[in-house]
Peer 1: 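Take a look at the following structure, please.
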Amino acid sequence: MTIESNSPMLKDITVIDLSSVVFGPYCTQILADLGADVTKVEAPHGDAFRYSSKWVKEVGMSAGHMTLNRGKKSVVLDLKTDDDLKVMRKLLQDADVFVHNVRHKGIARLGLDYETVKEINPGIIYVHCVGFGSSGPYADYQAYDDVIQAMTGTATLLSRADGDERPRYLPSLIADKSAGLHAAYATMAAIIHKLRTGEGQFVEVPMFEAFAHFMLKEHLSGKTFEPPVGPICYARQVDPDRQPFPTANGHVSIVPYTDEAWGTLYEAIGGGDFMEDERFSTRKGRTRHLAELYQGIAQYTKLKTTEELVQLLNSKNIPCFPVVDIDQILDDPHLSEVGFFTKREHPTEGTFYEMREPSTFSEWQGDLPSPAPTIGQHTDEVKADVADR
């Protein structure tokens with residue numbers, strides 16, 4: 001395939017998306033942002049994530065749906081009916097990629113398992129977004145973000161940092177989203193493979209394994225080795241004293257990442273005498289007494305304003321930024337300058353904010369994606385196209 005310069009990287013890649021909620025749709029949203037032609041196939045009631053917010057003007061147009069399904073077409077098909085199943089098979093016959101998160105037995109009952117789809121389209125890249133890998137004992141179980149956070153030990157991390165023994169979820173769909181990123185890069189790797197060899201293939205992306213892989217990059221820690229050389233968890237991340245520091249008018253994040261930075265930091269904030277303590281006279285001592293070093297920072301930062309600390313420490317090459325309430329993120333001057341948010345008009349929802357694809361490319365500047373579709377917005381158009389084939 002030859003694509004002219006300045007075209008979207010995934011131009012002419014056709015994706016049929018039978019996924020729902022976050023994991024699969026985040027993958028296909030990334031593909032759509034990069035130029036793929038993505039058709040989202042929904043059941044008559046629509047993707048469940050369409051109803052994830054009550055603050056909507058149109059039924060089935062939640063904020064979550066708006067962010068995860070932009071740039072896609074929406075086609076409603078009842079795959080339990082023969083006519084709509086035939087439409088689906090025609091769509092797959094001409095597709096490059098098929099992404100879905102229907103469990104193995106359910107997709108097989110529909111006759112849309114890999115071996116069957118491969119018969120009608122030998123070159124298909126078939127991406128199955130599953131909860132658990134098909135070769136393990138959990139293969140047939142359902143998985144959601146909360147379940148995966150619990151099973152990977154993620155729900156115990158806050159307990160290690162703050163001493164509250166209650167397991168708690170991180171307040172983000174972090175497992176779903178990180179698995180969606182894994183699915184996006186796995187799909188693109190399979191596309192590259194097909195461009196080189198002409199071969200399609202089956203790709204399985206399991207959320208449990210993907211998120212365990214994501215979280216244990218640092219947190220396997222001492223148990224990386226056999227026998228273990230230390231405890232599980234990256235100590236810096238679960239240190240109860242490594243938290244935002246109080247200022248005279250708020251909080252800041254300060255990161256004295258290198259050993260040499262400690263002296264510079266304390267000298268700048270007026271605590272030079274603090275570092276004369278023999279506990280901190282050597283690198284080994286500073287490493288052993290990190291908790292006391294963090295506690296000491298808080299004694300001095302509360303004597304200065306957030307603005308003073310940000311200006312002072314960044315001038316010394318010590319990263320320091322204010323803790324911003326998430327409700328203020330739309331006003332961030334850097335995000336404004338780089339055009340991260342764009343104010344747009346949706347045909348049914350009115351004015352809304354769009355977040356651009358965060359990566360930039362020297363050879364391509366993408367157009368704004370089409371707004372997220374209403375349920376079945378493109379059904380008639382796609383069915384008519386399929387009927388003409």
Side-chain angles (χ1 to χ4, degrees), residues 149 152-172 174 178 211-326:
Q149 287 202 39
T152 55
T154 302
T156 70
L157 290 177
L158 291 174
S159 303
R160 293 170 185 269
D162 64 17
D164 183 340
E165 295 183 356
R166 296 174 304 139
R168 280 157 289 156
Y169 304 123
L170 301 182
S172 170
I174 189 170
S178 63
F211 193 58
H213 186 271
F214 179 83
M215 292 302 294
L216 293 176
K217 283 295 185 183
E218 78 276 30
H219 283 307
L220 192 57
S221 196
K223 289 200 171 184
T224 299
F225 303 95
E226 180 58 41
V229 297
I232 198 99
C233 289
Y234 182 37
R236 289 174 64 95
Q237 294 300 121
V238 295
D239 187 331
D241 295 297
R242 187 172 177 262
Q243 302 296 335
F245 299 103
T247 71
N249 61 342
H251 287 81
V252 291
S253 172
I254 301 174
V255 184
Y257 194 76
T258 65
D259 182 67
E260 295 76 14
W262 286 106
T264 304
L265 168 61
Y266 267 95
E267 189 67 33
I269 61 178
D273 294 344
F274 189 88
M275 290 297 291
E276 294 178 2
D277 190 303
E278 63 179 11
R279 293 173 297 173
F280 314 130
S281 61
T282 65
R283 178 187 291 266
K284 185 176 181 180
R286 289 187 289 273
T287 300
R288 183 175 295 173
H289 295 284
L290 273 177
E292 292 95 323
L293 285 170
Y294 286 130
Q295 292 164 13
I297 294 173
Q299 296 176 23
Y300 296 97
T301 56
K302 63 186 179 183
L303 304 177
K304 298 182 183 294
T305 67
T306 296
E307 293 76 16
E308 288 172 332
L309 285 165
V310 169
Q311 181 176 3
L312 172 64
L313 294 183
N314 281 295
S315 73
K316 305 289 186 182
N317 291 318
I318 304 291
C320 177
F321 286 90
V323 174
V324 177
D325 190 286
I326 194 169

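Note: hydrogens, waters and symmetry copies are ignored here, and every other heavy atom, side chains too, is used.
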Peer 1: Could you give the distance from CG (Leu303) to OG1 (Thr247), rounded to the nearest 0.5 Å?
Peer 2: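 The CG atom of Leu303 sits 10.5 Å away from the OG1 atom of Thr247.
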Peer 1: How long is the gap from OG1 on Thr287 to CZ on Phe280, to the nearest 0.5 Å?
Peer 2: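 So the gap between those two atoms works out to 11.5 Å.
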Peer 1: For the atom pair CG (Leu313) and NZ (Lys304), what is the distance rounded to the nearest 0.5 Å?
Peer 2: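 The distance works out to 9.0 Å.
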Peer 1: Carefully, step by step, assess Arg168 and Asp162 under the rule salt bridge (charged side-chain N to carboxylate O under 4.0 Å, His left out).
Peer 2: CA-CA 11 Å; Arg168 280 157 289 156; Asp162 64 17; 2.9 Å; yes
Peer 1: Heavy-atom distance under 4.5 Å between the side chains of Leu293 and Tyr266, does that happen here?
Peer 2: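 Yes, at least one pair of side-chain atoms sits under 4.5 Å.
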Peer 1: Determine whether a donor-acceptor pair (N or O, by modelled atom type, separation under 3.5 Å) exists between the side chain of Thr152 and the backbone of Ala212.
Peer 2: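 A pair under 3.5 Å: no.
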Peer 1: Quick one, Ile174 and Tyr169 - any side-chain contact, counting heavy atoms below 4.5 Å?
Peer 2: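 Side-chain contact under 4.5 Å: no.
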Peer 1: Kindly give the heavy-atom pair with the smallest separation between Pro244 and His251, and that separation in Å.
Peer 2: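 That closest heavy-atom pairing would be O-CD2, 4.0 Å.
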Peer 1: Is it the case that the ring center of Phe245 lies less than 6.0 angstrom away from the ring center of Tyr300?
Peer 2: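 Ring centroids of Tyr300 and Phe245 are no less than 6.0 Å from each other.
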Peer 1: CG/Leu157 to CG/Leu170 distance, rounded to the nearest 0.5 angstrom?
Peer 2: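 The CG atom of Leu170 is 6.5 Å from CG of Leu157, to the nearest 0.5 Å.
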Peer 1: Do the side chains of Ser221 and Ile232 get nearer than 4.5 Å, heavy atoms only?
Peer 2: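 Result no, sub-4.5 Å side-chain heavy-atom pair not found.
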Peer 1: Any salt bridge between Glu260 and Arg283, counting N to O under 4.0 Å?
Peer 2: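 Salt bridge present between Glu260 and Arg283.
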Peer 1: Grab the two heavy atoms, one from Cys320 and one from Val252, that are nearest each other, plus how far apart they are.
Peer 2: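 Shortest heavy-atom separation between Cys320 and Val252 comes out as SG-CB, 4.0 Å.
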Peer 1: Indicate the ring-plane relationship of Trp262 and Tyr294, choosing parallel, tilted or perpendicular according to the 30° and 60° boundaries.
Peer 2: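 Trp262 and Tyr294: perpendicular rings.
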Peer 1: Between the side chains of Thr306 and Asn249, is a donor N or O closer than 3.5 angstrom to an acceptor N or O?
Peer 2: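 The criterion, which ignores hydrogens and geometry beyond distance, is satisfied for Asn249 and Thr306.
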Peer 1: Between CD of Glu308 and OG1 of Thr301, what distance do you get to the nearest 0.5 Å?
Peer 2: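 Spacing of CD (Glu308) from OG1 (Thr301) equals 12.0 Å.
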Peer 1: Can you check whether Leu158 reaches Asp164 side chain to side chain, under 4.5 Å on heavy atoms?
Peer 2: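 With C-beta onward as the side chain, the pair stays apart.
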Peer 1: Can you check whether Thr154 reaches His219 side chain to side chain, under 4.5 Å on heavy atoms?
Peer 2: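 No. Closest side-chain heavy atoms not under 4.5 Å.
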Peer 1: May I ask you to decide if Ala235's main-chain N or O and Asp239's side chain share a donor-acceptor pair within less than 3.5 Å?
Peer 2: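 No, Asp239 side chain to Ala235 backbone: no donor-acceptor pair under 3.5 Å.
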Peer 1: Looking at every non-hydrogen atom in both residues, tell me the closest pair between Ser172 and Gln149 and how far apart they are.
Peer 2: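 What the structure gives for the nearest pair is O-NE2, 3.2 Å.
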Peer 1: Answer yes or no: is there a side-chain heavy-atom contact under 4.5 Å between Thr264 and Glu267?
Peer 2: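 In short, these two side chains do not touch, never coming nearer than 4.5 Å.
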Peer 1: Are Val255 and Ile318 packed together at the side-chain level, in the sense that at least one heavy-atom pair is separated by less than 4.5 angstrom?
Peer 2: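 Heavy-atom side-chain distance check fails, nothing below 4.5 Å.
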Peer 1: Taking everything shown except Glu165 itself, do over 12 heavy atoms lie less than 6.0 Å from its CD?
Peer 2: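 No.
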Peer 1: Would Arg286 and Arg279 satisfy side chain to side chain contact (heavy atoms under 4.5 Å, CB included), going step by step from the backbone distance to the final call?
Peer 2: CA-CA 7 Å; Arg286 289 187 289 273; Arg279 293 173 297 173; over 6 Å; no
Peer 1: Counting only heavy atoms not in Gln243, do more than 12 fall under 6.0 Å of its CD?
Peer 2: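 Result for CD/Gln243: enclosed.
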Peer 1: Show your working on side chain to side chain contact (heavy atoms under 4.5 Å, CB included) between Phe321 and Ile254 and close with a plain yes or no.
Peer 2: CA-CA 7 Å; Phe321 286 90; Ile254 301 174; over 6 Å; no
Peer 1: Does Arg288 CZ have over 12 foreign heavy atoms under 6.0 Å away?
Peer 2: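 Open: at most 12 neighbouring heavy atoms sit under 6.0 Å from CZ of Arg288.
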Peer 1: Answer yes or no: are there more than 12 heavy-atom neighbours, outside Gln299 itself, under 6.0 Å from its atom CD?
Peer 2: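 For Gln299, atom CD is crowded (more than 12 foreign heavy atoms under 6.0 Å).
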Peer 1: Locate the shortest heavy-atom distance separating Ala298 from Pro246; write the atom from each residue and the value.
Peer 2: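 What the structure gives for the nearest pair is CB-CD, 3.9 Å.
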Peer 1: Tell me, do Arg160 and Thr156 make a side-chain contact under 4.5 Å, heavy atoms counted?
Peer 2: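 Yes, close enough: below the 4.5 Å cut-off.
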Peer 1: Distance from Arg242 atom CZ to Ser253 atom OG, nearest 0.5 Å?
Peer 2: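 Between Arg242 CZ and Ser253 OG, I get 8.0 Å after rounding to 0.5 Å.
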